[in-house]
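See structure below.
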Amino acid sequence: MIPLLERVWASIADLGADLGEAEWKQPSELPGWSVQDNLSHIVGTERTMRGDATPDNHPPDDHVRNPIGELNEHWVEHYRSWSGADLLAEFDRLRAERLEELRALPPERFDEVGPTPVGQAPFREFLAVRVFDSWIHEQDMRRPLGRPGHLTGPVVELSMGRMASAMPFVVGKKVGAPDGTAVVFQVTGSDPASSPRKLAVVVDGRAALVDELPANPDVTLTLDLTAFTALSTGRWDPATALDDGAVRIDGDEALGRRVVEQLDFMV
């Protein structure tokens, strides 16, 4: 996981190196957060991981949903008065130090079970969450700036895998689709010539991803990776995305709309 962290952090740094101050301060799709605040969150998380004390300040909390979100806001508020260039320099210093620290860990450390955002899990799983979270916030920085990028490669494959693994929860638990229901997601990439990634969820007692695509799914949802990411992580309003044609529904229209409306699996 360390090479993937290095890769995603380098991509964020490359993006930041090309931004002017007005772009850093541009609002993102996350309530109350600017483009810069997304990087502040990444920096703050890594500082927490290395044992740095949470800043003692009083951030706004009108959009906070849980204790992790509250912790995030303290770091975001801490860096809010900084310039984007200064924050990027802080990130560059910190990522070099964190990568060095992680590479120095003994192999058995990565098998140690401890708390993670997804429950008790080995430390290597925590690092996978860090890769995913960093990539999600990189995309949160890119979308409002109209600077698409980092939509292919191993970091994207890991992130796509994590989003895909949540689709049975969406279809089975959130939508409550009955036994026998089959939903296919066709996720297109940044290259129109590339084949779409197809994910099939079938409800048979419980919803699960299946390897073999159903011959006659109840509904097929076609959307690009940007839309799939933004909807799965709660960044886009589902009704607006549907009205704007960001998702094509083939088959059961009502079921398709319910799936899109419930696609956000983030806590």
Compile the donor-acceptor pairs under 3.5 Å between side chains in residues 237-254 and protein atoms, sequence neighbours left out, one pair per line.
unit_1	atom_1	unit_2	atom_2	d
D237	OD2	A239	N	3.4
D237	OD2	T240	N	2.9
D237	OD2	T240	OG1	2.8
R248	NE	D250	OD2	2.9
R248	NH2	D250	OD2	3.1
D252	OD1	A254	N	3.2
D252	OD1	L255	N	3.0

Other residues, nucleotides, ligands: >12 heavy atoms within 6.0 Å of R47 CZ: yes

Note: E23-R147 ion pair, threshold 4.0 Å (strictly below): yes

Ring-face cation of R124 near F110 (centre distance under 6.0 Å, axis angle within 45°): no

Derivation of the salt bridge (Lys or Arg N to Asp or Glu O under 4.0 Å) call for R109 and E112: CA-CA 5 Å; R109 173 68 179 93; E112 291 180 7; 3.5 Å; yes

Validation row: M160, T229 side chains within 4.5 angstrom (heavy atoms): no

H137 side, atom NE2; L30 side, atom CG - distance, nearest 0.5 Å: 6.5 Å

Distance (rounded to the nearest 0.5 Å) between T116 OG1 and R130 CZ: 11.5 Å

Stepwise side-chain contact (heavy atoms from CB on, under 4.5 Å) check, V210 with V201: CA-CA 6 Å; V210 296; V201 177; over 6 Å; no

Cluster check V129, I12: I/L/V/M/F/W/Y, side chain < 4.5 angstrom: no

Same apolar cluster: L19 and W9, side chain cutoff 4.5 Å: yes

Distance, nearest 0.5 Å, that separates OG of S232 from CD1 of I136: 8.0 Å

Stepwise side-chain contact (heavy atoms from CB on, under 4.5 Å) test for L127 and L102: CA-CA 10 Å; L127 293 182; L102 290 169; 4.1 Å; yes

Backbone N/O of V183 and side chain of D218: donor-acceptor pair under 3.5 Å: no

Side-chain heavy-atom pair L39, W24 within 4.5 angstrom cut-off: yes

Verify same cluster id: L99, I42 (apolar side-chain graph, 4.5 Å): yes

Side-chain heavy atoms of V43 within contact of S40, under 4.5 Å: no

Contacts of type salt bridge (Lys or Arg N to Asp or Glu O under 4.0 Å), residue K25, not counting sequence neighbours: E21

Backbone N/O of T188 and side chain of D224: donor-acceptor pair under 3.5 Å: no

S28 side chain near Q36 side chain, heavy-atom distance below 4.5 Å: no

Side-chain heavy-atom pair S134, V8 within 4.5 angstrom cut-off: yes

Nearest heavy atoms of A164 and L199, plus distance in Å: CB-CD1, 3.7 Å

Stepwise side-chain contact (heavy atoms from CB on, under 4.5 Å) test for M163 and F132: CA-CA 9 Å; M163 292 186 288; F132 176 56; 3.8 Å; yes

Working for side-chain contact (heavy atoms from CB on, under 4.5 Å), residues V219 and L221: CA-CA 7 Å; V219 67; L221 304 175; 4.1 Å; yes

Polar side chain donor-acceptor pair, D133 to H41, under 3.5 angstrom: yes

Side-chain heavy-atom pair P144, V35 within 4.5 angstrom cut-off: yes

Any pair counted as side chain to side chain donor-acceptor pair (under 3.5 Å), so long as it reaches residues 198-214, sequence neighbours left out: Q186-K198

Interatomic distance, Q139 atom CD to N38 atom CG [nearest 0.5 angstrom]: 11.0 Å

Heavy-atom pair of closest approach, residues V202 and A182: CG2-CB, 4.1 Å

Closest non-hydrogen atom pair between P154 and R7, with its separation: CG-NE, 3.5 Å

Of T54, T48, D37, T45, the residue whose pairing with W75 passes side-chain hydrogen bond (donor to acceptor under 3.5 Å, both in side chains): T48

Shortest non-hydrogen separation from L213 to A200 and the atoms involved: CD2-CB, 3.7 Å

Which residues share a salt bridge (Lys or Arg N to Asp or Glu O under 4.0 Å) with R143, sequence neighbours left out: E29, D140

Side chains of W33 and E73, donor plus acceptor under 3.5 Å: yes

Rounded distance [0.5 Å steps], CG in L88 versus CG in D18: 11.0 Å

T181: side chain to side chain donor-acceptor pair (under 3.5 Å) partners, not counting sequence neighbours: none

4.5 Å side-chain heavy-atom contact, M1 and F123: no

Nearest non-hydrogen partners of A13 and D92, listed with the distance: CB-OD1, 3.6 Å

In one Ile/Leu/Val/Met/Phe/Trp/Tyr side-chain cluster, 4.5 Å: V175, L231: yes

Value rounded to 0.5 Å, distance of CZ in R235 from OG1 in T233: 4.0 Å

Summary of side chain to side chain donor-acceptor pair (under 3.5 Å) pairs that have at least one residue in residues 156-169, sequence neighbours excluded: E125-R162, E157-R197

Salt-bridge contact R50-E101 (side-chain N to carboxylate O under 4.0 Å): yes

Minimum-distance pair of heavy atoms, taken over all atoms of S11 and E138: OG-OE2, 2.6 Å

Joint cluster assignment, M266 & V118, ILVMFWY side-chain distance < 4.5 Å: no

Basic-acidic side-chain contact under 4.0 Å: E100, R103: no

pair L263-M167: side-chain heavy atoms closer than 4.5 Å: yes

Centroid-centroid distance, Y79 to W82, less than 6.0 Å: yes

